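What you see is a predicted model; the values in this text were computed from it and never measured.
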Amino acid sequence: MNTTMIVDTLWVVFAALLVFFMNLGFAAVESGFARSKNTVNILSKNFIVFAVSSLGFMLLGWGLMFGGDNPIIGTKELFILGGSDLGFYKDTLTSTVPFWGKFFFQLVFCGTAATIVSGAVAERIKYISFIVFSFILTLFIYPVVGHWIWGGGWLANLGFMDFAGDTVVHSVGGWAALTGAIILGPRHGKYDKDGKPKAIPGHSLALAVIGLFILWLGWFGFNPGSTMSFQNPEDVVHIIVTTNTAAIAAILTATATSWSFIGKPDLGMTINGCLAGLVGITGSCAYVSVGSSLIIGAIAGIIVVFSVIFFDRIKVDDPVGATSVHLVCGVFGTLCVGLFAQEGVTSLSTVNGLFFGGGFSLLGAEIIGIIAVGAFVAASSALVWFILKKTIGIRVSLEEEIQGLDIGEHGNSAYPDFAIVAPITASGNGNGDSIVAMSQVETIKPSSVKVTPEAAIPVVNRSHPGAKMTKVTVITNQDKYTQLQNALDKIGITGLTVTNVLGYGMQKGHTEYFRGLPVKTRLLPKVQVDIVVCKIPVETVVDTVKKALYTGNMGDGKIFIYDVENVIKIRTGEEGYDALQDEE
């Protein structure tokens with residue numbers, strides 16, 4: 001093996017690993033933009049989709065994509081696991097990388113196309129239906145388009161150019177996503193009775209931002225790796241810079257656009273803006289100058305904001321904006337090849353686009369490709385979705401959708417310690433006490449519960465009959481909790497129950513926006529502190545709380561006082577005053 005083969009193989013494998021790592025980015029972005037009750041489902045789909053796409057591409061996809069120069073579909077040496085002569089593919093794509101290296105690089109691209117669909121159909125699709133669709137997409141639909149463009153098919157012969165996959169990857173995934181979202185219909189509660197879109201915020205923008213940076217990193221394998229060679233480092237670094245330049249331009253314009261038209265620099269729009277810039281430059285990254293990439297990214301950042309709003313308004317519910325990012329910006333990026341291509345900016349760029357004296361020839365080929373791929377993928381995807389709908393079904397029940405797909409589809413919860421959705425019991429907390437935590441508690445008639453003598457809890461009578469017990473509840477701003485706790489410590493109260501809550505009084509909450517839509521019912525974060533006192537006078541507690549929290553401004557909080565009938569310590573059976581002795 002010569003030095004050229006070693007260097008090129010290392011480069012292609014490294015780039016492929018970066019693209020593979022993008023699976024984590026997609027999982028994080030999608031789950032961050034989804035509600036917490038669907039997190040397990042989103043993460044699981046991003047696992048399963050790569051496994052399914054790998055199998056489909058290995059069984060037949062590669063052969064259909066690269067099996068000979070038939071203009072429509074690969075016909076030779078189709079089954080690479082079934083005794084095909086792999087030497088047939090020695091010169092496919094490049095002759096300096098071994099077959100399985102080339103296969104893996106193309107495989108991760110195929111997996112990316114399938115992953116795009118996941119976000120657009122999130123929060124209401126049946127798990128099994130998504131698996132079946134992903135398998136068919138990567139077994140047949142994606143490879144056919146890939147053959148037309150990268151496998152020596154009719155679009156390649158027409159002069160169609162798509163360096164790293166604006167059409168092959170992003171538009172294919174985008175068309176499949178769009179048809180799925182339309183046939184599935186919007187999520188429950190997405191539109192009000194008048195048909196106006198309602199915001200359904202994701203549960204973690206932090207997770208979405210982490211995913212974005214992972215995807216951004218992965219794109220430095222996605223685009224530069226498509227050189228399939230490191231023999232011309234100038235080409236590689238040029239592509240790296242055009243990729244990054246488009247991304248940063250789109251971040252700025254998406255932020256400015258959302259700021260201007262929504263009133264705030266919406267972070268969700270900024271995230272999608274960055275992705276829009278990366279998608280927008282993918283097809284032309286090796287064919288355009290750095291200056292052109294700045295313009296392409298800037299336009300993509302503007303387009304994606306209005307595209308997200310547009311799809312919302314026409315009732316195409318895409319929870320993560322995948323259709324806007326990958327389809328709309330994928331089509332735009334393909335057009336940019338015909339507009340901004342500039343001969344000689346890299347050794348790979350040999351044709352001029354419309355803006356650089358090349359006329360309409362290249363742009364015409366790009367438009368034909370966009371129409372042909374859109375028609376084929378939309379029709380074939382819609383057919384598959386329709387067949388699945390009529391056979392195994394594609395949408396979960398309304399009850400399951402409301403409860404969340406995590407429980408209904410997987411029987412798991414992503415955040416079991418943070419959201420109790422059913423009675424949960426745990427015993428033995430390390431201190432000898434039993435803990436019972438309940439939410440949505442159902443009343444149980446005493447006659448329905450049988451307690452054996454061995455299981456009965458000892459009851460200790462009150463040693464201070466008639467001692468008055470009072471519950472004091474304080475609701476105030478979260479940032480005042482520490483000073484409140486310190487003040488209560490000084491008067492001898494050490495037992496507190498503290499809960500983070502949401503609410504509003506005269507303040508009426510505040511307005512937030514999610515991807516351009518107002519979140520109508522937004523509550524202010526508060527802290528609720530519950531204290532039960534007996535020996536410490538209530539007046540003392542109230543005065544202490546008032547002194548600790550008073551500023552004279554709105555939001556100081558409120559104090560609620562309740563009579564307590566009884567308190568029982570589960571571990572010992574002590575009641576009333578005795579049960580509170582080590583709690584106050």
Decide yes or no on side chain to side chain contact (heavy atoms under 4.5 Å, CB included) for Asn46 and Asn23, but give the supporting numbers first.
-> CA-CA 7 Å; Asn46 278 274; Asn23 285 286; 5.6 Å; no

Check step by step if side-chain hydrogen bond (donor to acceptor under 3.5 Å, both in side chains) holds for Thr75 and Asn70.
-> CA-CA 7 Å; Thr75 58; Asn70 181 288; 4.8 Å; no

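Within the 3.5 Å criterion, the main-chain N or O of Cys285 finds a donor-acceptor partner in the side chain of Thr242. Side-chain atoms of Ser118 do not come within 3.5 Å of backbone N or O of Ala114 as any donor-acceptor pair. Panel note: side chain Asp162, backbone Thr167; a donor-acceptor pair is recorded below 3.5 Å. In this structure a side-chain-to-backbone donor-acceptor pair under 3.5 Å is missing from Lys315 to Pro186. A donor-acceptor contact shorter than 3.5 Å is absent between the side chain of Asp194 and the backbone of Lys196. Side-chain N or O atoms of His238 include one that pairs as donor or acceptor with a backbone N or O of Val288 at under 3.5 Å. Using modelled atom types, no side-chain atom of Ser226 and backbone atom of Ala164 make a donor-acceptor pair closer than 3.5 Å. No donor-acceptor distance shorter than 3.5 angstrom exists from the side chain of Ser307 to the backbone of Ile303, with no hydrogens or angles considered. For the pair Tyr287 (side chain) and Thr350 (backbone), a donor-acceptor distance under 3.5 Å is absent.
In summary, the side chains of Gln342 and Ser292 do not present any donor paired with an acceptor at a separation below 3.5 Å, with no hydrogens or angles considered. Under the 3.5 Å distance criterion, with hydrogens and angles disregarded, no donor-acceptor pair is assigned to the side chains of Thr39 and Ser31. Under the 3.5 Å distance criterion, with hydrogens and angles disregarded, no donor-acceptor pair is assigned to the side chains of Asp235 and Thr227. In summary, the side chains of Thr138 and Ser53 do not present any donor paired with an acceptor at a separation below 3.5 Å, with no hydrogens or angles considered. Counted by atom type alone, Thr323 and Asp318 present one or more donor-acceptor pairs between their side chains at under 3.5 Å.
When all heavy atoms of Gly225 and Ala15 are compared, the closest pair comes out as CA-CB, 3.6 Å. Closest non-hydrogen pair, Ile72 versus Val144, comes out as O-CG1, 4.2 Å. The shortest non-hydrogen separation linking Asp317 to Ala181 is O-CB, 3.9 Å.
Residues Val304 and Cys329 form a side-chain contact, since some pair of their non-hydrogen atoms from C-beta on lies under 4.5 Å apart. The closest side-chain heavy-atom distance from Thr346 to Phe163 is not below 4.5 Å. Within the 4.5 Å cutoff, side-chain heavy atoms of Leu93 are placed close to those of Gln106. Side-chain contact check for Leu354 versus Leu362: every heavy-atom pair is 4.5 Å or farther apart.
Under the rule for a side chain to side chain donor-acceptor pair (under 3.5 Å), Ser129 has no partner lying at least two apart in sequence or in another chain. Judged as a ring-ring contact (aromatic ring centres under 6.0 Å, His included), and not counting sequence neighbours, Phe160 has no contacts. For Arg395, the salt bridge (charged side-chain N to carboxylate O under 4.0 Å, His left out) partners are Glu401, not counting sequence neighbours. For Tyr89, the ring-ring contact (aromatic ring centres under 6.0 Å, His included) partners two or more places apart in sequence, or in a different chain, are Trp62, Phe99. Residues meeting the ring-ring contact (aromatic ring centres under 6.0 Å, His included) test with Trp259, sequence neighbours left out: none. The ring-ring contact (aromatic ring centres under 6.0 Å, His included) search around Phe140 returns none, not counting sequence neighbours.
Once rounded to the nearest 0.5 Å, the distance linking CZ of Phe26 with OG1 of Thr112 reads 5.5 Å. The CZ atom of Phe386 sits 7.5 Å away from the NZ atom of Lys389 when rounded to the nearest 0.5 Å.
Ring orientation note: the planes of Phe213 and Trp216 are close to parallel, at an angle under 30° on the 30°/60° scale.
The one candidate from Leu43, Thr115, Asn38 that meets the side-chain contact (heavy atoms from CB on, under 4.5 Å) condition with Glu30 is Thr115. Looking at Phe222, Trp175, Tyr142 one by one, the single match for ring pair (Phe, Tyr, Trp, His ring centres under 6.0 Å) with His170 turns out to be Phe222.
Annotation: Asp69, atom CG; neighbour count of heavy atoms from other residues, nucleotides and ligands within 6.0 Å does not exceed 12.
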